Amino acid sequence: MREKAWEVVGLNEHEVPSLRRQVETAVSDAISQALPELAGADPVVRRSEHADFQANAALALAKRARRKPADLAASVADALRRDIGTDTDTDADTGTPVASVTVSGPGFINLVASDTALWRQVAARLASRHLGVGTPQQGRRTVVDYSGPNIAKEMHVGHLRTTIIGDCLSRVLGFLGAEVLRQNHLGDWGTQFGMLIEYLDEHPDVAWHHDELSDGTSTVSALNTLYRAARAVFDADPDFADRARRRVVALQAGDEASVTRWREIVAESEFAFSEIYQRLGVLLTAADSAGESFYNPWLPEVVGELTQAGIAVESDGALCVFSAEITGPDGEPVPLMVRKTDGGFGYDTTDLATIRYRIRDLKADRILYVVDARQALHFQLIFEAARRAGWLTDDADVTHVSYGTVLGPDGRPFKTRSGDTVKLMDLLDTAVGRAREVVTEKAHDLDPAELDQIAEQAGIGAVKYADLSTSRTKDYTFDVDRMVSFSGNTGVYLQYAHTRICSILRKAGDASAPVDTTLAPHPAERALILALDAFGDTLTEVGQTLEPHRLCGYLYDLAKAFTDFYEACPVLSVAQPTRGNRVALCRLSAETLRRGLNLLGIAAPERM
RNA sequence: GCCCUUGUAGCUCAGUGGAUAGAGCGAUCGCCUCCUAAGCGAUAGGUCGUAGGUCCGAUUCCUACCAAGGGCACCA
C-alpha cells in the first residue's frame, strides 16, 4: 500500500468531484466495457439503503440489450471488479473509489466505497477553499428580482417569502460562480402618493421622519397611519380629493416641491426597509433598488417600439398587446395594457420596460423573478411580449420563480384577528422574544450581551428556516408557534449541531492533524462522510431547480448524520490516529454547516 | 368556459420510474458520573385524492374525474 497521508497545507481552488460522480463514471466505464453498444447510457447511480450507492442501469437497459437484467448487472459488476483488481497496482489517487460490488434483487448493482476513497474526500474538501464545490454557474450574469416592498407601506408576512427565497438563491448562485445582480423592484410610484404628499403638506406638524419618532415606531409605520388618515379625508372631503388629484398631476409633471417631498418619502421608507433587511440578514441595500419610478422615463419609448412593430394595437381607446397563446373568459386573447384610455401607464408597461432594461442594459444571461404564484399569467404575457418584441431571445433564460401564498390557520390568506396583515417586524420580535426565553433557560454561562445576540440569531434563523424549508410552489400555512419552535427540523437544530462541533473543536486545540486514509470508518463516520460529500451536488441542484428547500433538507440530514456520529464516536477521548480523523470530520462538518447556513442566510453562532 | 397550482401519517411537510414510502410536531415509554439533553432511542400511526393507461416495475409518467386554492382589460 502506498497511501499517503493528506497534509492540509494552505487552501487550494480545486473542485472535488463527489464520490457519487466518481461512482457514476466508474459504472459508465464498466457499461462501456461490458456492453459497448450501450456506451453512454445513464448509469442511474443513487444512494442506497443496502450499500453506499446502487446502480439501477441494468434494469433500464435490459430490454435494449435483449438480456435479463440480472445477467446484465452481473456483466457490469464483473467489469467493475476488474477495475478494483487493477487498482491495487496503481496510484490510489486515480483508482476507482469502489471497494466491492454485488448484484441483488432483479438487477440492482450495490456499490460500497473504499475506506481510502472516503477519507480522501474528507481531506481533499478540507484542503479546498470552497469545500471542493465547483462553479457550474461561472460567469452567468443573473438578475434576481426579489422583495419589492411598497414605499410608505409596512413590510408584512407577505414579503417574507420573496425576500428570503430571493436572497438565498442570490447567495447560492453567487457561490456557484454566477455574477448576481440583485434588483429590488420597489413600489415607489402611483396615484396614492398624490394623496399622501398633499396630506403631509397640509399637516406639517405630524412626525414621520425616522429621527423624529420614538423607538419602536418606524417611518413606514407612521406613513402607513398617515396614509390611512389621508384616505379617510380623501373619501370624506371632495375638496381635499380634488387637491390630491391635482397633486398627482403635479408630481407626474415633475413639480419640484412635490417631487422633493416624494423623494423624501422614498428615502425614509428605504431607511425602514434597510433596518428590516439588516435584521433579517438580507443582502439587499439601497444600491440594489430599481423601483417602478426608475423605468418611468422609458415608458413612452417602450410603447412606441411596440406600436411601431405592430405588436401593440389600439383597443377600446387603450393600447394593448394581445397574447397569441392565451384567451380569457370571453374566448378572446388576453391583453397586456401598455397604455390606458386616459393615456397613463400601468405596471404592464413598467414590467416590459424592466425586462427590456435587464436584457439590453444589464446584459443579463438569466433573470429570476421571485414573485407570488398568482402573477404567473402576468409574467407569461410579459415574457411572450418581450419575445415578440425581440428583446428576449434564446440567449437569455427568464424564469418566474413563483411561490405559494401564505395562509392563516383557517386556510385563508393570512390576516390577524383585526383583519390586518401581520407586520414583519412584529413577527421577528415575537420569534426573538420566544428564542430569548429558551436561550435564557438553557444558558450555558453566557453573558447578557451574548445571550441577546444568540436569541436574535436563533429567532431570526427559525423564521427564515421555516419559510425556506418548505417547497416553494405550495401555499403554506403560517403558524407562529411552529415557526418559532426550536426542536426537531428547525433552523435551531442546525445551529445547535454547529455549536456542538465548535465546542469539540475548541477543546481539541490544534486541529490540523493529517487524515489517515487507511482507517476503517465507523458506520456513523461513513454515513457522515457520505453526507458531507454530497454538499456540492446539492448546491448544483439548487442552482438548477431554484429550490432552497433542497438545501434545507440536505443540511438537516447532515446535522442528523453529525448527531449520530456525536452519539456514537467520542472524539477527544480516543487515541491517534482515530482522534485526528474525527477532528477532521468535525472540522469539515462545521465548515459545511456554516457555509450551508450562510447560503440560507442564517447565522451560525459558536455557542448557544 | 379556459388556464395554473395543490391533494402522501391526527397536524405541518419531505420524497423517488425501482428493493420495506420518510421526517418533524403531537401521543406513550425510556436515556444526562461521559465532547452542550435546543439532543438520542423505542412504540403507535398510511388503500400516497379516485379510476383507467404506459411499463418488467407507478406514490412518481400520461389521460379522465373529484376536491381545495388561484388567475383571466384600464388596481398594482
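All values below come from the heavy atoms of this structure, side chains included, with hydrogens, waters and symmetry mates left out. All chains are named by letter (A, B, ...) in the order of the sequence lines, taking the proteins before the strands, and each is independently numbered beginning at 1. Since this is a predicted model, take the numbers as computed values, not measurements.
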Could you pull out all residues at least two apart from [X] that satisfy ring-ring contact (aromatic ring centres under 6.0 Å, His included)?
X: A/Phe345; value: none
X: A/Tyr227; value: none
X: A/His185; value: A/Tyr295
X: A/Phe535; value: A/Tyr554

Going 5' to 3' through nucleotides 4-9 of chain B and flagging B where a protein heavy-atom sits under 4.0 Å of the base, S where only the sugar-phosphate is that close, and - otherwise, we get -SSS--

Sorted by chain and number, sequence neighbours left out, side chain to side chain contact (heavy atoms under 4.5 Å, CB included) with A/Arg66 holds for none

Rounded distance in Å between the [atom1] positions of [N] and [M]:
N: B/rC34; M: B/rG45; atom1: C1'; result: 35 Å
N: B/rA21; M: B/rA76; atom1: C1'; result: 43 Å
N: B/rU43; M: B/rA9; atom1: C1'; result: 15 Å

Using atom names, set out every protein N or O paired with an N or O of nucleotides 21-26 of chain B below 3.5 Å, distance rounded to 0.1 Å.
none

Listing, residues 555-570 of chain A side-chain donor-acceptor contacts under 3.5 Å, not counting sequence neighbours, or none:
residue: A/Thr563; atom: OG1; partner: A/Tyr493; partner atom: OH; Å: 3.3
residue: A/Thr563; atom: OG1; partner: A/Ala559; partner atom: O; Å: 2.8

For A/Asn110, what residues pass the side chain to side chain donor-acceptor pair (under 3.5 Å) criterion, not counting sequence neighbours?
A/Ser104

Qualifying residues under side chain to side chain donor-acceptor pair (under 3.5 Å), relative to A/Arg388, sequence neighbours excluded:
none

Can you name the atoms? Protein N/O to nucleotides 57-62 of chain B N/O, anything below 3.5 Å, with the distance.
none

Of A/His400, A/Gln183, A/Arg358, which meets side-chain hydrogen bond (donor to acceptor under 3.5 Å, both in side chains) against A/Asp145?
A/Arg358

Does B/rC32 count as syn, meaning its glycosidic angle lies within 90° of 0, or as anti?
syn

For A/Phe108 and B/rA19, are the ring centres under 5.5 Å apart with planes inclined under 30°?
yes

Base-pairing string, 5' to 3', of RNA chain B - Watson-Crick or wobble, under 3.5 Å, | interstrand
(((((((..((((....[...)))).(((((.......))))).....(((((..]....))))))))))))....

What's the OH-C1' distance between A/Tyr554 and B/rC13, to the nearest Å?
21 Å

